[in-house]
Protein chains: 2
Amino acid sequence: MQGQEILPAIAAHLLDSARANGGKAPSERDLAEYFSVSRGQVREALAILESMQVIERRAKSGIYVNTDKSGFEAMAFFARAGIPLENRQIYEAVEVRKIHEIKAAELAAVRATDEDFERLQDVLERSEQRIAAGEGIDALDQEFHLQIVRATQNTLFLSICTSFYELGRQRLEVYFRDPERNRKSHEEHKQIYEALVKRDAALTSALMVSHLRGVMSYWTELLEPHAPGS
Amino acid sequence: MQGQEILPAIAAHLLDSARANGGKAPSERDLAEYFSVSRGQVREALAILESMQVIERRAKSGIYVNTDKSGFEAMAFFARAGIPLENRQIYEAVEVRKIHEIKAAELAAVRATDEDFERLQDVLERSEQRIAAGEGIDALDQEFHLQIVRATQNTLFLSICTSFYELGRQRLEVYFRDPERNRKSHEEHKQIYEALVKRDAALTSALMVSHLRGVMSYWTELLEPHAPGS
DNA sequence: CGACTCAATCTGGTATTACCAAAATGGAAC
DNA sequence: GTTCCATTTTGGTAATACCAGATTGAGTCG
């Protein structure tokens with residue numbers, strides 16, 4: 001635990017401590033000692049966590065962890081840090097991600113440039129190679145979907161969707177262990193690409209809907225115990 | 001500049017310095033002296049800005065500002081800090097916000113609870129009072145729209161949309177200086193509310209589309225010089 | 001026993017000082 | 001003009017000290 005990112009470690013420790021202590025986290029000095037770093041380092045990490053609304057620092061009182069807060073920034077950070085999310089958060093993220101990707105497909109069909117098409121085709125070719133070699137296309141799947149978002153020419157849109165992908169990266173790897181899923185996913189990607197080239201927004205969008213239905217059901221199936229929304 | 005948030009000030013100063021200096025920002029020591037704070041304070045602010053990808057800190061080299069980076073977190077922060085955005089960023093934000101709100105209206109029609117309806121009605125009543133008193137409903141407008149998002153029962157969705165509102169708050173105030181706009185906006189809000197109560201998702205969504213067309217055109221008109229996406 | 005009081009303690013907020021080592025710099029040597 | 005090396009600059013990190021409000025707990029009073 002040296003010279004490296006202590007932020008994730010501190011975040012995880014704060015969450016644990018707070019859970020066992022009614023929202024109250026250890027003091028800065030305790031944290032510094034626990035992680036064998038200076039108080040300054042701890043304060044830098046806490047400043048970031050506070051900016052993400054993960055914690056609240058009350059002067060002369062202590063550090064309090066915002067439970068249940070599911071801010072976008074915080075979720076993206078947790079995902080990146082490998083801190084597990086609650087089922088409800090995953091449900092919500094899946095839903096919001098679907099909304100984004102479907103709309104992105106629609107917009108991309110209208111706005112995609114020649115370079116966008118080239119990049120998509122490149123991803124498809126590399127996917128083909130990996131499938132032929134019996135390897136998973138999890139990274140390529142991400143590239144394909146994000147490239148479509150990029151084709152909307154809206155960088156803010158891309159920024160948000162990129163964060164969503166970080167949310168589900170780990171599960172994606174598991175998903176693409178199954179060769180059949182790889183093949184099916186790739187076929188659907190090709191169909192979506194064809195619809196994009198035709199600039200058929202409605203068709204692209206519809207294909208994306210059904211494509212995501214398949215992929216996303218994998219997530220929600222894993223969470224079955226916890227009933228949706230209600 | 002004491003005891004208070006120096007983060008916005010430092011952010012603004014970094015952006016200025018970098019613009020005039022090819023991406024390179026002053027050193028931590030210079031910043032500390034410039035703002036009359038300790039280096040520790042500067043480092044806390046820089047840590048936050050780095051976590052938002054606004055800057056990059058290269059060890060033993062310097063602080064570099066990521067120009068053109070339009071990450072979601074950074075934009076929300078800039079808006080909150082009162083740092084002006086570029087036209088392109090505003091365009092993108094308006095587009096993404098529209099996508100969210102339209103979909104939110106659709107989902108809310110299906111999922112809104114009795115409490116949601118009560119809160120919406122409350123907002124409408126208060127709006128009525130303010131309009132009768134000849135006051136602007138800018139804050140209520142925000143409440144209304146966010147309450148609809150809240151009615152989707154998706155807290156992540158709400159978190160994202162809340163950030164979007166921060167993006168346009170200042171312009172909203174100006175917009176609602178016009179009594180006619182207040183009246184028209186309120187009328188449309190009432191129509192949307194009626195559609196929601198009927199749980200008519202398609203109608204709610206359609207009404208939101210036309211409502212936003214009116215409101216949003218105000219933004220884009222202000223930016224005319226920069227042509228839209230294509 | 002309970003409620004109140006007040007001093008000791010804890011805590012975040014801030015500043016100062018000091019080192020380290022790698023990067024950047026600038027001038028000397030070729 | 002190029003190469004090379006010593007000096008300076010810079011971010012990264014630690015240790016220490018104070019402040020003042022919040023918290024706590026012991027002691028006191030009713």
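Under a 4.0 Å N-O distance rule, the pair A:R97/A:E101 qualifies as a salt bridge. With salt bridges taken as basic N to acidic carboxylate O contacts below 4.0 Å, none links B:E128 and B:R130. Ion pairing between a basic and an acidic side chain is recognised when a charged N comes within 4.0 Å of a carboxylate O; B:E143 and B:R126 show such pairing.
Atom CD1 in B:I55 sits about 14 Å away from atom C1' in D:dG12, given to the nearest Å. Following rounding to the nearest Å, B:K60 (NZ) and D:dT10 (C1') show an atom-to-atom distance of 9 Å. Summarising the geometry, the separation between CD on A:E50 and P on C:dG12 is reported as 11 Å, rounded to the nearest angstrom. Spacing between atom CD of B:E56 and atom P of C:dA23 amounts to 14 Å, rounded to whole angstrom units. When rounded to the nearest whole Å, the span between CG of B:L31 and P of D:dT9 equals 16 Å. The nearest whole Å value for the distance from the CD atom in A:E33 to the P atom in D:dT16 is 13 Å. Separating the CG atom of B:L49 from the C1' atom of D:dG11 is a distance of 15 Å, rounded to the nearest angstrom. Here C:dT16 presents its C1' atom at 16 Å from CZ of B:R43, a figure rounded to the nearest Å.
For A:R29 against C:dG12, a side-chain N or O and a base N or O form a donor-acceptor pair under 3.5 Å. Residue-to-nucleotide contacts include a donor-acceptor pair under 3.5 Å from the side chain of A:R39 to the base of C:dG13.
Cation-pi contact between B:R181 and B:Y175: present, with separation from the ring centre below 6.0 Å and deviation from the ring axis of at most 45°.
The shortest distance between the side-chain N/O atoms of B:S38 and the OP1/OP2 oxygens of C:dA15 is below 4.0 Å. Proximity of B:S61 to the phosphate of D:dT10: no side-chain N or O atom is located under 4.0 Å from OP1 or OP2. For C:dT11, neither phosphate oxygen OP1 nor OP2 lies less than 4.0 angstrom from any side-chain nitrogen or oxygen of A:R58.
Residue-level contact check: A:G40 touches neither bases nor backbone, having no heavy atom under 4.0 Å from any strand. Using a 4.0 Å heavy-atom criterion, one finds that B:I63 contacts the sugar-phosphate atoms exclusively.
Between B:Y64 and B:E44, the residue anchored closer to the 5' end of DNA chain C is B:E44, taking for each the nucleotide with the nearest heavy atom. Sequence order on DNA chain D of the closest nucleotides to A:A59 and B:R57 puts B:R57 first from the 5' end.
Counting heavy atoms from C-beta outward, B:N66 and B:I55 have side chains that stay 4.5 Å or more apart.
Here the nucleotide nearest the side chain of B:V37, chosen from C:dA15, C:dG12, D:dT13, is C:dA15.
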